[in-house]
Protein chains: 2
Amino acid sequence: MPAPQKDRRGALRTISPERPEKAARPEHETRTRIIEAAEALFMLHGFEGTSLRMLTARAGVNLAAVNYHFGSKDALIEALFRRRLDPMNAERAAGLARLETEAGGRPLAPAAIIRAFIAPSLRMFEDARGGGRNFIRLLGRAYTDPSRGLRALMGQLYADAMTRYRDAFRRALPGLPHEELSWRLYFMFGTLSYTLTATDTMQLIAGSKQADRYDARLIEQRLLAFLTAGLLAAEPRENKVRQAA
Amino acid sequence: MPAPQKDRRGALRTISPERPEKAARPEHETRTRIIEAAEALFMLHGFEGTSLRMLTARAGVNLAAVNYHFGSKDALIEALFRRRLDPMNAERAAGLARLETEAGGRPLAPAAIIRAFIAPSLRMFEDARGGGRNFIRLLGRAYTDPSRGLRALMGQLYADAMTRYRDAFRRALPGLPHEELSWRLYFMFGTLSYTLTATDTMQLIAGSKQADRYDARLIEQRLLAFLTAGLLAAEPRENKVRQAA
DNA sequence: GTCTATAAGTGGATAGAC
DNA sequence: GTCTATCCACTTATAGAC
């Protein structure tokens, strides 16, 4: 994604305030149709594996429409991630701010901070029909995508939320060295991402299908228990761990 | 990867037992050169993003050599993963068997089982120069790759180790419901995979470079503390967790 | 804003000489 | 076992009609 052309239409079109009732139309707009087709196909075939021809065919628009509306395939990818990620991370920031207001200066419970972070992901994961679940998985893949541009975009889109939450955890756990905390947040982020992204691993482990594999509320409880315990684990001491044989 | 042609040379060539000293030559064999170039390029540009032309140019072999030695690009990918994964999972199985022998019928400590599972990954991660670290990252990407064939291959290559370890954990934690255990193993596998695969996230979280980012021994201790705590966390109760605002 | 037609290039794979 | 030359399907992107 080396600095592609800019979208010729500028930012996402805002809904005209005069006719709030009729605003449902954007679902059928070319731009939205393209993004939604792309979300589905990128998940099925990857970014490189999805051609503009497959994409425009599925969206029911002309082949040239992608370049007209977004400027390039890379710019479409960026628009696709921004469309859902910006609101999601804004929600994260708002959730944390709300917790802090409620606490009124008292330190936050680590579990509450974790929940505020993972909740927006799980809410989106819950939305299977609207494409949210699919998007969450696409997101998990984007973190480890080979494209430098895509990983840089992810870093950019997450930077604000990451900083806010890291600082909140530092305040909540003043005794934990920053370095140790960074590792644990890294582990936690990885667990969340992998859990919602990988599809086949679970079946492999369980040996059978788990009925509750898609129950966002149960996943949230289980993740919360696991992550909170991990975050609050006793610090490893250099020589406490005996060498493996 | 829809059932590609079979390798025309059959399985990996075994080293002639008559001349064990001279056996170092395979490093320069065409087949090995191709696989090693592929490991590096697949990490840099992805599977789809790496063309046979880039690959053979880097390996210093003829364009037609890939199809001659492996049959197809997909078959090369399969050979590449088998080459390192089969020994790694055999090592996992051996490590578990050793623990069980040492214990002589007594239940194993959960932390010891975790260590036996993650140790082979970390040992490979440690081998930056020989390409092991690169391979571990490639592996992490393969779990979430869009290609059905690749994910199926992963499942196949991991099936045995997964079953053995799952059963070991069940014996070590007889009180934990199987379903709950499956989720926790899933979380653990995700944490391990993501931790060793993702490169940019850590810097994003820490806000600066962590000096010990590549120290396999420290990573092992930190992972072990985190994962053990998560595995042994108190079971979440339906109503114990209050609803988020 | 949408369309067709096409440019200009890349992809994996292979035939057949050596 | 290695090479060259090539096939042809398929790619992104664009020019220009409507």
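To find a chain, count down the sequence lines: A is the first, B the second, and so on, and within it residues start at 1.
- Counting to the nearest Å, the C1' atom of D:dA13 and the CD1 atom of A:Ile34 are 14 Å from each other.
- Taking all atoms of both residues into account, the shortest heavy-atom contact from B:Met54 to B:His45 is CE-ND1, 3.2 Å.
- With rounding to whole Å, B:Tyr68 atom OH is found 17 Å from D:dT4 atom C1'.
- The distance between atom NE2 of B:His69 and atom C1' of C:dA13, rounded to the nearest whole Å, is 16 Å.
- Taken residue by residue, residues 50-58 of chain B places heavy atoms nearer than 4.0 Å to DNA chain C at B:Thr50, B:Ser51, B:Leu52, B:Arg53.
- If you check D:dA15, D:dA13, C:dT2 against the side chain of A:Ser72, the one that comes closest is D:dA13.
- Side-chain contact, B:Arg137 with B:Asn134: no donor N or O sits under 3.5 Å from an acceptor N or O.
- Atom P of nucleotide C:dG1 and atom CZ of A:Phe70 are separated by 12 Å, given to the nearest angstrom.
- For the pair B:Ser121 and B:Leu196, the tightest heavy-atom approach, listed with the atom from each and the gap, is CB-CD1, 3.9 Å.
- Between the CG atom of A:Asn67 and the C1' atom of C:dT2 there is a distance of 14 Å, rounded to whole Å.
- A straight line from CG of B:Leu63 to P of C:dA15 spans 14 Å, rounded to a whole angstrom.
- Geometrically, A:Arg92 does not engage A:Tyr165 in a cation-pi contact defined by less than 6.0 Å to the ring centre and at most 45° from the axis.
- A:Tyr143 and A:Thr197 form no side-chain donor-acceptor contact under 3.5 Å, judged by distance and modelled atom types alone.
- The pair B:Glu220-B:Arg115 meets the salt-bridge criterion, since a charged nitrogen lies less than 4.0 angstrom from a carboxylate oxygen.
- Following rounding to the nearest Å, A:Asp74 (CG) and D:dA13 (C1') show an atom-to-atom distance of 13 Å.
- The shortest distance between the side-chain N/O atoms of B:Asn62 and the OP1/OP2 oxygens of D:dT4 is below 4.0 Å.
- Look at A:Thr30 and you won't find any side-chain N or O under 4.0 angstrom from OP1 or OP2 of C:dG1.
- Going from atom CZ of B:Arg31 over to atom P of D:dT2 covers 12 Å, rounded to whole Å.
- With hydrogens and angles left out, the side-chain atoms of B:Tyr68 and B:Thr30 include no donor and acceptor closer than 3.5 Å.
- B:Ala65 comes within 4.0 angstrom of nothing in the nucleic acid, heavy atoms only.
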